[in-house]
Undergrad: 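What follows is a structure written as structure tokens; I'll ask about it next.
Since the model is a prediction, treat every value here as computed from it, not as a measurement. Note that ligands are numbered from 1 as they come in the structure, with each ligand's atoms numbered from 1 the same way.
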Amino acid sequence: MPIKFHEGSKTFHIYNKHLSYITCIMENGQMENLYYGKAIRDKEDFSYLHEEIMRSLMAVCVPEPGLLSMQYTKQEYPVYGTGDYRNPALTVRQENGSEIVDFKYVSHEIYGGKKKLAGLPATYTESDEEATSLDITLHDSVMDTDLVLTYSVYEDYPVITRSARLVQKGDQKIRLENVMSAAVEFPDMDYEMIHLSGAWARERYVKTRKLEMGTQAVQSLAGTGSSSEQNPFIALKRPHTTEDTGEVFGFSFVYSGNFLAQVEVSTYEMTRVMMGINPQGFSWELSRDEEFQTPEVVMVYSDKGLNGMSQAYHRLYCDRLMRGKWRNHARPILLNNWEATYFDFNEEKILNIAKKAKEVGVELFVLDDGWFGTRNDDYQGLGDWFVNKNKLPNGISGLSRKIEEMGLKFGLWVELEMVNKNSDCYRAHPDWALQIPGKNPVRSRNQLVLDFSRKDAVDFIFDSITEVLDYAEVEYLKWDMNRSLCDVYSAAAGYQGKVLYDYVLGVYDFLDRLLKRYPNLLIEGCSGGGGRFDAGMLYYTPQIWCSDNTDAINRTRIQYGTSFFYPVAAMGSHVSAVPNHQTGRVTSMHTRGVAAMSGTFGYELNPALLNAKEKAEIRAQLAQYREYQELIREGDYYRLSNPFQDNFAAWMVVSDDRSKALVSVIRLTAEANPPAAYVTLKGMEEDAFYREKTTGKVYPGAALMEAGILLPAAVSEYEAYQIELERV
Ligand code: GLA
């Protein structure tokens with residue numbers, strides 16, 4: 001069992017071949033964090049890792065026999081009121097207003113496999129041998145409340161997952177005001193924090209900063225949606241850590257609402273990492289026999305640099321977070337009509353686009369926004385999920401059948417979490433929108449948010465959309481969500497502190513019900529582009545639209561940042577028309593194809609406007625993508641350059657057995673008479689020889705990794721190259 005409990009020293013050692021995590025029960029009954037890092041051999045007692053010395057003005061909670069002070073102790077789940085003045089992982093307001101709690105160890109259970117988290121997405125196991133779990137139960141006797149800390153360690157991945165659960169046994173109604181999913185403490189502060197920050201159309205840019213004493217954090221208050229601004233993800237790396245060497249600790253939150261990822265460095269240079277639901281806007285009442293479950297944090301340890309961390313997340317999320325038919329499965333190559341028509345279409349126009357899409361070899365046609373209610377612009381129609389017969393006289397069922405008859409699959413856009421004031425839905429049920437009584441609601445993209453925390457509203461929307469889907473041939477759904485939450489007030493909820501969390505769980509439940517009803521349905525997440533790209537959504541939607549920005553050059557940065565924690569198989573990435581609608585830039589079809597092939601491939605353009613040359617290029621692109629689709633989706637992904645710094649964006653995928661590789665390079669700058677440029681590869685077999693497909697040249701694996709491949713001399717700006725290699 002890779003979780004051991006040493007009775008004598010009261011120590012838990014959670015480990016696998018990659019990592020060790022050691023925690024013990026202290027004299028005061030609370031839990032101490034002793035070690036997290038590279039795998040170390042087990043031993044009975046690791047208590048020497050605890051520092052116990054006398055410091056002036058020290059707050060001592062157990063004076064005899066030692067000098068236990070929480071202020072200088074690395075804790076497993078710190079609370080306020082122990083003499084530790086750093087931020088706590090838990091704040092519970094009691095009926096008398098006190099928020100001082102004292103959770104002491106009571107019992108634990110070690111078991112094979114991994115339990116589900118009620119109502120929440122989480123990584124999973126398919127057999128009890130894949131992971132081992134530990135539940136540590138602590139108890140506060142004043143409130144009569146249990147706190148259960150859960151850990152799971154996977155056998156084959158450098159991963160530990162964490163979550164916490166509060167169970168109220170006493171008669172008091174307590175209020176949870178802050179419940180982090182995990183806290184981890186490191187004995188020093190010699191780290192840099194990496195986070196993914198951005199905005200609409202430039203999501204998930206990689207930011208790195210040195211840790212300093214005090215608090216540094218990223219968070220989202222966007223309500224739902226991890227948001228385009230901050231992704232629920234941070235990593236701590238050593239200053240000398242590179243893409244391939246050195247230590248990194250990754251933290252990813254499996255939740256799609258407000259989050260807080262906080263790193264606090266004490267003046268004694270200890271580093272406390274906490275991740276969980278953002279306490280702002282959260283307050284949960286717990287009465288006798290009720291419980292609250294936090295979402296999961298997935299922690300990855302890598303001593304093989306940033307790429308090692310990324311690959312661990314890629315593998316785990318592809319294999320044990322994504323589910324159902326589309327896990328490890330080829331995704332249809334699609335064409336979406338949004339940038340081709342926006343709201344301006346009718347059946348004839350759509351059928352013409354679909355026909356042309358089929359002619360060039362696309363597999364699935366997606367009808368985007370504008371097919372329902374009176375949705376002729378973005379001021380109206382959301383909430384009315386019945387077809388607009390003026391545009392589509394044969395309904396979605398008729399249209400989808402005609403498209404199917406062409407030999408194409410059909411997909412549909414929805415934005416079910418939203419409502420326009422100008423809709424039948426809002427006119428009949430104004431109380432289903434989240435808004436504060438007596439206050440003018442804040443609008444964003446002219447819409448309000450439907451209250452997904454209330455069952456009647458959700459059931460109505462569910463019935464409306466299933467009425468469409470039941471009678472049509474819909475294989476794919478684009479689940480969009482185009483604004484953040486701010487007027488968070490549910491007319492149905494009594495106590496408002498729970499609405500945000502219930503909203504997120506309402507969305508999850510809806511998606512779950514849809515997938516149960518249509519198990520073959522492929523759902524692609526979207527939120528004003530990539531505004532809700534998180535591990536929570538990946539549990540339901542195995543691909544997510546990366547960004548509304550389809551400019552190939554900008555995309556190299558967006559996809560580079562996304563690749564830190566999310567697999568290529570999750571990244572919705574399309575070739576769009578030029579000049580690009582977001583940046584006005586013109587790049588070649590080839591360059592756009594190379595950028596888009598680093599994701600779930602498709603097109604975002606009007607194929608009826610393509611000339612013969614472009615059509616031929618698309619046909620060739622599709623043939624190539626089909627050849628490499630599995631390698632791109634399942635292979636090991638390596639970043640070969642940093643597009644924020646280098647003149648090239650370069651990345652590659654290598655098959656599991658290292659027999660095949662596809663290298664992609666895009667020139668980001670144009671320079672006259674530039675120096676020679678080599679791209680050095682990774683992950684190849686040193687002693688093997690590889691043949692490059694287009695030139696027939698043979699290279700030793702070691703040479704590809706040490707000397708690299710010389711790129712052709714630049715002919716024009718934004719040129720792209722794909723180097724296809726096969727072991728001989
Ligand atoms: C969002 C999406 C786009 C498109 C529009 C439709 O912005 O990101 O891809 O679907 O909505 O309104």
Side-chain angles (χ1 to χ4, degrees), residues 198-204 222 224-229 256 334-345 349-350 353 364-385 388 391-392 396 410-420 422-423 443-450 465 474 476-484 507 522-534 537 541 543-551 554-555 558-559 562 570-577 580-583 592 596 599-606:
W200 174 80
R202 48 182 175 85
E203 294 90 347
R204 291 174 296 288
T224 179
S226 28
S227 86
S228 329
E229 280 76 29
S256 313
L334 60 88
L335 182 137
N336 179 302
N337 75 307
W338 178 240
E339 290 194 4
T341 64
Y342 294 104
F343 292 108
D344 181 20
F345 60 81
K349 206 167 176 179
I350 291 300
I353 291 175
L364 184 140
F365 171 81
V366 184
L367 179 61
D368 209 277
D369 197 355
W371 59 267
F372 50 90
T374 55
R375 184 80 170 167
N376 297 317
D377 53 43
D378 59 15
Y379 287 87
Q380 54 190 324
L382 290 173
D384 296 342
W385 299 102
N388 180 336
K391 285 180 174 173
L392 305 173
I396 292 297
F410 180 75
L412 196 62
W413 178 95
V414 292
E415 193 181 355
L416 304 175
E417 298 164 65
M418 295 291 147
V419 68
N420 284 116
N422 186 1
S423 69
R443 278 191 236 181
S444 175
R445 210 191 178 201
N446 318 302
Q447 61 202 46
L448 300 178
V449 183
L450 260 185
I465 197 63
V474 180
Y476 161 106
L477 210 61
K478 180 173 170 187
W479 179 286
D480 209 342
M481 198 289 181
N482 284 319
R483 69 156 288 177
S484 301
V507 174
L522 170 61
I523 310 183
E524 174 155 354
C526 178
S527 178
R532 189 159 59 182
F533 207 118
D534 60 55
M537 288 306 283
T541 68
Q543 59 192 61
I544 302 178
W545 185 225
C546 222
S547 174
D548 277 341
N549 186 347
T550 50
D551 174 281
N554 282 184
R555 271 287 181 133
I558 296 169
Q559 292 170 191
T562 308
M571 296 185 212
S573 189
H574 299 169
V575 171
S576 60
N580 180 270
H581 289 207
Q582 290 76 36
T583 61
R592 283 175 275 155
T600 63
F601 194 60
Y603 293 86
E604 199 88 7
L605 46 74
N606 188 347

Undergrad: Collect the protein residues that have a non-hydrogen atom under 4.0 Å from ligand 1 and hand them over in chain and number order.
TA: Trp338, Asp368, Asp369, Trp413, Arg445, Lys478, Asp480, Asn482, Cys526, Gly528, Gly529, Trp545, Asp548
Undergrad: Check side-chain contact (heavy atoms from CB on, under 4.5 Å) between Ser444 and all other residues, then give those that pass, not counting sequence neighbours.
TA: Arg483
Undergrad: Please work out whether the ring planes of Trp371 and Trp385 are parallel, tilted or perpendicular, with thresholds of 30° and 60°.
TA: tilted
Undergrad: Are the side chains of Thr374 and Asn388 in contact, using a 4.5 Å heavy-atom criterion?
TA: no
Undergrad: Among His581, Gln582, Arg555, which residue satisfies the side chain to side chain donor-acceptor pair (under 3.5 Å) criterion with Thr550?
TA: Gln582
Undergrad: Flag the pair Asp344 and Lys349 as a salt bridge only when some basic side-chain nitrogen lies within less than 4.0 angstrom of an acidic carboxylate oxygen.
TA: yes
Undergrad: Has the side chain of Ser423 got a donor or acceptor atom that lies under 3.5 Å from a matching backbone atom of Val419?
TA: no
